Amino acid sequence: MDVKIGAIDTCKPPHTDVGCLPTVNAVTIHNPAVPFNSPESTLGRHLARRLVQVGVTDVFGVPGDFNLTLLDHLIDEPGLNFVGCCNELNAGYAADGYARARGVGACVVTFTVGGLSVLNAIAGAYSENLPLICIVGGPNSNDYGTNRILHHTIGLPDFTQELRCFQTVTCYQAVVNNLEDAHELIDTAISTSLKESKPVYISISCNLPGIPHPTFSREPVPFFISPRLSNKMGLEAAVEAAAEFLNKAVKPVIVGGPKMRVAKACDAFVELADASGYAVAVMPSAKGMVPEHHPHFIGTYWGAVSTAFCAEIVESADAYLFAGPIFNDYSSVGYSLLLKREKAIIVQPDRVTVGNGPTFGCILMKDFLAALGKRLKHNPTAYENYRRIYVPEGHPLKCEPKEALRVNVLFEHIQRMLSSDTAVLAETGDSWFNCQKLKLPKGCGYEFQMQYGSIGWSVGATLGYAQAAKEKRVIAFIGDGSFQVTAQDISTMLQCGQRTIIFLINNGGYTIEVEIHDGPYNVIKNWNYTGLVDAIHNGQGKCWTTKVRCEEELVEAIETATETKKDSLCFIEVIVHKDDTSKELLEWGSRVSAANSRPPNPQ
């Protein structure tokens, strides 16, 4: 049975599984046939309609001479809005953030100088399994195959440098330099991005977007993408082996990982938790994918820096099921997790491994988890053990009047700001650890980029996420060092009328790197951050800024941001001591440092 992907009037998928687009019926298209050789039957119009069909209503980009004609056609599409960014890197980050909220994102840049600039953001989206359509305005079709040297290149008559760079960070590349196969290449690229939940690259020659062609003479038919199916025999065998493994355990637990999103298995994971009664934890990069109000939720499992009492329950279990994990040096805290393979069931999006025993392929995670839940005995032992040892968290020491603000006091107040109408974006750095400790209310969004960990990601991602999820107020936590990388697109947030609250944590440098390996290079030039944002604001749009140095000022700033300035972009610079970090960062940094500094193995 085929599954319909997207509809003309669709803006937002009914849930937050990235790459899972709405499965509603397509709307009736009035006058679906564009007359043969009509001025409207163009490549540019077809691409614009395709983007709208799959759920993209905002495309981020930077104009350049090779993409200007294409941009004309994109902005002519009534359902599509072009968001001009200050640089290509931020346009890519914005498309990343947009894809997290909407299910798919898109950006448009110019040839090579734009393409290589956006490349870092595309690599990040690839690492996070985000469907992202990167469109590049390419050279005139007549220049291919000639010995000409073009501007925006490295001075060689070879136009493939950009393509070669994108081949390793996209799942499909389409170079459209003639109209005969343009329809096929564009449709294949977009559908592949949706199927694989990865970025794709589409290069379109600058002279082609406005030329009518018979292949574009009809309204594009909405995509029908055949769903992947589990091997029934393999599924039954895997479920039987896993059920036997878990049912004989005394205190099993289940842990959600980041690949649950690409597997569209978040709901199935919760159903398994309900059916089994097991204690439920998440890996740090899966925070927000499992409802934290679930009755058996015990927190974030992150080895030595886990939520209080979570690691003790997970690592002492005699069986644990990990759904969609990524065990890298960061998530394993420098390879220091106290887990044993023989106790683990590892469930990847299309494969299951039971202990040291068999591996079962061609099995979809969501099918496996749903079927497994029906075969497990209800066993709340691990959760009951958690309840026995659990001690409620204390509160930070009370601040003296006008005492310098501490980070733990800051986040105590942040906790009270969260609701189903908010979403949290955490920048790479100590915000990772502080935001992990936040308890997310039902419906509260949460995003961060743990696998790629590119500092500066959150500025563009905040722009994109807020543009896609206008019903939520985004609360972003950005360190001063990260902000200096990508600060310009505060301008674009103002231009779009966004009402994000940004907490700029000013502690004088790259704190996360200080805790891994300190040196003078981790100290940065201090900026007048509120002054910078005021200059960018320049009286255009709604913007409010303030500096906070103590708890009294923080309380006043939060009250203003959430009440009188609730419709404005609010930029709150929080000035804290350079050594004021979470205890989790101190522990994590020392372990990652030890992993990084291992001597070479003897040859």
Side-chain angles (χ1 to χ4, degrees), residues 3-24 26 46-61 74 77 79-83 85 91-109 118 121-136 166 169-174 185-202 220-225 227-228 258-264 266 289 349 423 445 447 449 460-461 463-470:
V3 175
K4 180 172 287 187
I5 302 291
I8 298 297
D9 63 345
T10 295
C11 289
K12 183 170 172 59
H15 47 69
T16 56
D17 279 345
V18 166
C20 185
L21 299 173
T23 54
V24 298
H46 177 81
L47 176 60
R49 296 301 287 151
R50 273 292 186 229
L51 292 174
V52 173
Q53 279 184 348
V54 301
V56 174
T57 55
D58 299 272
V59 60
F60 303 89
L74 296 183
E77 169 55 47
L80 198 60
N81 174 48
F82 176 72
V83 180
C85 297
Y93 286 153
D96 172 311
Y98 193 93
R100 291 167 184 267
R102 187 65 65 87
V104 60
C107 59
V108 182
V109 299
V118 80
I122 303 303
Y126 189 95
S127 75
E128 300 277 323
N129 298 300
L130 299 173
L132 198 158
I133 301 158
C134 181
I135 304 160
V136 176
F166 273 93
V169 295
T170 56
C171 66
Y172 185 85
Q173 306 84 37
L185 288 172
I186 290 170
D187 283 8
T188 301
I190 295 175
S191 61
T192 301
S193 181
L194 300 178
K195 285 188 289 187
E196 301 296 329
S197 197
K198 293 283 190 183
V200 293
Y201 164 86
I202 304 175
V221 177
F223 284 129
F224 283 80
I225 298 175
R228 290 173 174 165
K259 290 186 181 179
M260 289 195 303
R261 177 155 61 180
V262 67
K264 303 173 182 62
C266 296
M289 296 183 195
E447 296 294 342
Q449 189 195 54
L463 164 65
Y465 192 101
Q467 194 67 11
K470 294 181 179 179

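Worth saying up front: this structure is predicted, and the values here are computed from it rather than measured.
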Under the salt bridge (Lys or Arg N to Asp or Glu O under 4.0 Å) test, which residues partner D58, sequence neighbours left out?
none

Would you call [X] and [Y] a side-chain contact if the rule is heavy atoms closer than 4.5 Å?
| X | Y | answer |
| --- | --- | --- |
| Y201 | I122 | no |
| E77 | L47 | no |
| R100 | R261 | yes |

Between [X] and [Y], what is the shortest heavy-atom contact and its length?
| X | Y | result |
| --- | --- | --- |
| G103 | P131 | O-CG, 3.3 Å |
| C85 | A91 | SG-CA, 3.7 Å |
| V262 | P349 | CG1-CG, 4.1 Å |
| R50 | V221 | NH1-O, 2.7 Å |
| Y465 | A423 | CE2-CB, 3.5 Å |
| P220 | R49 | CG-CB, 3.7 Å |

Can you name the residues that form a side-chain hydrogen bond (donor to acceptor under 3.5 Å, both in side chains) with [X], not counting sequence neighbours?
| X | answer |
| --- | --- |
| T170 | Q173 |
| Q449 | none |
| K198 | N129 |

Distance, nearest 0.5 Å, that separates [atom1] of [X] from [atom2] of [Y]:
| X | Y | atom1 | atom2 | value |
| --- | --- | --- | --- | --- |
| L74 | N81 | CG | CG | 11.0 Å |
| K259 | M289 | NZ | CE | 12.0 Å |
| C171 | F166 | SG | CZ | 13.0 Å |

Yes or no on side-chain contact (heavy atoms from CB on, under 4.5 Å) for I190 and F223, after CA distance, side-chain angles and deciding distance?
CA-CA 9 Å; I190 295 175; F223 284 129; 3.5 Å; yes

Contacts of type side chain to side chain contact (heavy atoms under 4.5 Å, CB included), residue [X], not counting sequence neighbours:
| X | result |
| --- | --- |
| A189 | Y172, A174, V200, I202 |
| A125 | D96, L130, L132, P199 |
| A106 | L51, V56, V59, I133 |

Quick one: does any side-chain atom of Y98 pair with a main-chain N or O of T57 as donor and acceptor, under 3.5 Å?
yes

Given 3.5 Å as the limit, does a donor-acceptor pair link the side chain of T188 with the main chain of L185, or not?
no

